Amino acid sequence: MAQQLTQTEQWQALADHREKFGATHLRELFAADPRRAGKHTLPVGDLTVDLSKNLITDETLALLVGLARARGVEVLRDAMFRGEKINLTENRAVLHVALRAPRSEHIEVDGQDVVPGVHEVLDRMAAFADRVRSGEWTGHAVDGHGGKPIRNVVNIGIGGSDLGPAMAYEALRAYSDRTRVFRFVSNVDGADLHEATRDLDPAETLFIVSSKTFTTVETVTNATSARAWLLAGLGGDESAVAKHFVAVSTNAAEVAKFGIDTRNMFGFWDWVGGRYSYDSAIGLSLMIAIGPKQFREMLDGFHTVDEHFRTAPLERNVPALLGLLGVWYGSFFDAQTHAVLPYSHYLSRFSAYLQQLDMESNGKSVQRDGEPVAWQTGPIVWGTPGTNGQHAYYQLIHQGTKIIPADFIGFAEPVIPAADPRGAHQDMLTANFLAQTEALAFGKTREQVEAEGTDPAIVPHRVFKGNHPTTTILAPTLTPSVLGQLVALYEHKVFTQGAVWNINSFDQWGVELGKVLAKKIEPELGAGGSHGEHDSSTTSLIERYRGLRGR
Ligand SMILES: O=P(O)(O)OC[C@H]1O[C@](O)(CO)[C@@H](O)[C@@H]1O
């Protein structure tokens, strides 16, 4: 049995340090060291990451790095990059880093170099994307007329087969082909597919059915309904499917069973986890949107941070340090959540994407050997773009009773065209971005409030205690490469935490039970459906539902 995290001398040292740290305020830490910001600001790729507004001293970081070493973060990291099967419960390698490895690299799984296969698929994707983008790939010919060029691309997938491409499309919308419509359907609620297709011409629509397993009920249900919609719109000719459906999957047999020609399938591998997959063929919709060249720039951005994570000493290894800060707050400050607050409207889906990446990876309570953990694991991840959040929930972060460590992500240059006068909003956006972390760190004292002549009865309400920890990530502008860098940063942060906590960040058994029960309940909802064995609450809700539906 591995040594228990909380029994290690490094953990004990951190616990002692936390006791001494007490209520030390960021005001004191900054006052004591004029070089604090410079000392705790680190570059990675195009990103500048300022850790100085965290509740840390040099000693904290040294102790956290010591813990990471003792927990074998570097050892596990190197095993991942070597293609070892570190996903123990599924006996799989974890090689999303191979998806963005240059052609010249060699990474082996079971003695086979996987990099050539990665590039072969990327090349096929690029050729296909170019054909769609140029209008060479046309839809089904109807009534003797030639097929129409594809104007609408609808990705059907869920979880990792949706959140990544949907987030990245939003993020890189400004780099996308604006003459085409891109939509992402995930929810089995028929409203999703209905809204995504109601104004589209089937003759101009391409569906990309994205599913690693190709057995996910939501995706198969939506794809089946999409095919029915297509055929209804194109005169029922089954041969239309080949022109309007392509698949992205690891499961050729299921793709064929569904009726998609496997020549129109783009593959990936079992060593790519769903939530780590949007830089694989799962990103096909994104590649059609932004073009192969910019897609590859995004992959290069990922690779830059992969190399940093692989080679930088832990003391200066940004994703590792971000992960360690999460360990520090989760276990020593009782932080339950972690906010990610991007100051870019284009990153509106970023936190939703990170929710799966982080919470599906590290929402675990047993260790790699199956023993229960006796420490906190992954946080609740949430957030929306600033400045909107400032007018909604920031009140609680500033003056509530909870500690909410937060990442603030901002950009110097706006992405909208230079000629657009609304680019001038950027200074206001950035002023808010900077003001918030300053306010959160330093707050406003009773003395300051009183000195403003505030009514004494109101004074306590206007005090900001400050000392709320934040990390600031600043990039020149949001490009495909920078997006890749940001995502890789969080992937490796999550990895680091999983290694420290000794959990398997690469399986997701916690999603299974609900799926199994839903399968059992579904037939019970229909007219004459038998009553299965359930608790009294579930049984009466099933009955109420049937009553409401007149069954
Ligand atoms: O790509 P698939 O196989 O349809 O799976 C979709 C998603 O379902 C899950 O398995 C569970 O929610 C995710 O991990 C995955 O991203």
Side-chain angles (χ1 to χ4, degrees), residues 128 132 137-159 161-163 165-166 169 180-266 281-282 284-285 288-289 515 518-519 521-529 545 549-551:
F128 179 73
V132 173
W137 180 282
T138 51
H140 181 63
V142 190
D143 296 338
H145 299 292
K148 293 182 177 178
I150 297 299
R151 293 261 145 256
N152 318 306
V153 177
V154 181
N155 184 76
I156 298 178
I158 197 164
S161 299
D162 164 73
L163 287 162
Y169 169 68
R180 290 188 164 76
V181 169
F182 293 88
R183 293 193 177 147
F184 298 84
V185 172
S186 53
N187 200 327
V188 79
D189 181 345
D192 199 0
L193 184 61
H194 167 77
E195 290 297 335
T197 52
R198 56 180 287 283
D199 56 348
L200 302 186
D201 175 357
E204 299 182 329
T205 302
L206 174 74
F207 290 99
I208 301 177
V209 186
S210 299
S211 175
K212 181 175 169 181
T213 56
F214 229 79
T215 56
T216 305
V217 282
E218 289 94 330
T219 300
V220 174
T221 304
N222 276 324
T224 305
S225 295
R227 185 171 54 187
W229 173 85
L230 181 96
L231 293 178
L234 295 181
D237 184 349
E238 285 277 344
S239 67
V241 171
K243 288 291 203 171
H244 294 270
F245 273 80
V246 298
V248 179
S249 188
T250 57
N251 191 343
E254 286 296 326
V255 169
K257 210 157 104 194
F258 179 82
I260 296 178
D261 187 339
T262 47
R263 279 173 303 181
N264 294 339
M265 168 179 156
F266 299 85
I282 290 290
L284 182 61
S285 52
I288 296 171
K515 284 190 203 172
K519 257 202 188 123
I521 290 175
E522 199 185 330
E524 297 170 22
L525 299 178
Y545 176 85
R549 303 270 339 233
R551 293 170 180 166

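Bear in mind that the values here come from a model prediction, so they are computed numbers and not experimental data. Side chains included, hydrogens not; waters and symmetry mates left out as well; all remaining heavy atoms used.
- Within the 3.5 Å criterion, the main-chain N or O of Ala242 finds a donor-acceptor partner in the side chain of Asn264.
- In terms of the side-chain contact (heavy atoms from CB on, under 4.5 Å) criterion, residue partners of Ala252 (sequence neighbours excluded) are, by chain and number, Thr262, Met265.
- Closest non-hydrogen pair, Ala240 versus Leu234, comes out as CB-CD1, 3.9 Å.
- Atom OG of Ser161 and atom CD1 of Ile156 lie 12.0 Å apart (nearest 0.5 Å).
- By the side chain to side chain donor-acceptor pair (under 3.5 Å) test, Thr205 pairs with Asn152, sequence neighbours left out.
- With sequence neighbours left out, the salt bridge (Lys or Arg N to Asp or Glu O under 4.0 Å) criterion links Lys243 to no other residue.
- Partners of Thr215 according to the side chain to side chain donor-acceptor pair (under 3.5 Å) rule, which considers only residues two or more places apart in sequence or in another chain, are Thr213.
- Ring geometry for His244 against His140 counts as perpendicular: the plane angle is over 60°, on a 0 to 90° scale with 30° as the lower cut.
- Sorted by first then second residue, the ring pair (Phe, Tyr, Trp, His ring centres under 6.0 Å) pairs that include residues 220-240, not counting sequence neighbours, are Phe207-Trp229.
- For Arg180, the side chain to side chain donor-acceptor pair (under 3.5 Å) test picks out Asp177, with sequence neighbours left out.
- Every residue was checked against the side chain to side chain donor-acceptor pair (under 3.5 Å) condition with Lys515, not counting sequence neighbours, and none meets it.
- Evaluation of the salt bridge (Lys or Arg N to Asp or Glu O under 4.0 Å) rule for Arg263 yields Asp261 as partners, not counting sequence neighbours.
- Here the closest non-hydrogen pair linking Pro202 and Gly233 is CG-CA, 3.8 Å.
- Listed by first and then second residue, the side-chain hydrogen bond (donor to acceptor under 3.5 Å, both in side chains) pairs that reach into residues 248-257 are Glu254-Lys257, sequence neighbours excluded.
- Two residues are said to be in side-chain contact when any heavy atoms from C-beta on lie closer than 4.5 Å; Lys148 and Asp201 meet this criterion.
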Show your working on side chain to side chain contact (heavy atoms under 4.5 Å, CB included) between Leu231 and Val241 and close with a plain yes or no. CA-CA 8 Å; Leu231 293 178; Val241 171; 4.2 Å; yes
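- Ile208 contributes atom CD1, which lies 4.0 Å from atom CG of Leu284 (distance to the nearest 0.5 angstrom).
- Residues Phe128 and Ile288 meet the side-chain proximity criterion, which asks for heavy atoms closer than 4.5 Å.
- Rounded to the nearest 0.5 Å, atoms OG (Ser210) and CD1 (Ile158) are 12.0 Å apart.
- Closest of all the heavy-atom pairs between Leu206 and Trp137 is CD1-NE1, 4.4 Å.
- Across every non-hydrogen atom of Thr219 and Ser211, the tightest pair is CG2-CB, 4.0 Å.
- Ser225 and Leu193 make their closest contact through CB-CD2, 3.6 Å (heavy atoms, listed as atom of the first residue, atom of the second, distance).
- Note that CG of Asn187 is 11.0 Å distant from OG1 of Thr221, once rounded to the nearest 0.5 Å.
- When all heavy atoms of Ala196 and Val185 are compared, the pair lying nearest together is CB-CG2, 3.3 Å.
- Residue pairs meeting the salt bridge (Lys or Arg N to Asp or Glu O under 4.0 Å) criterion with at least one partner in residues 208-235, sequence neighbours excluded, are absent.
- Applying the salt bridge (Lys or Arg N to Asp or Glu O under 4.0 Å) test to every pair with at least one member in residues 187-200, sequence neighbours left out, gives these pairs: Arg183-Asp199.
- For Phe184, the ring-ring contact (aromatic ring centres under 6.0 Å, His included) partners two or more places apart in sequence, or in a different chain, are Tyr169.
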Taking it one step at a time, do Asn155 and Phe182 satisfy side chain to side chain contact (heavy atoms under 4.5 Å, CB included)? CA-CA 8 Å; Asn155 184 76; Phe182 293 88; over 6 Å; no
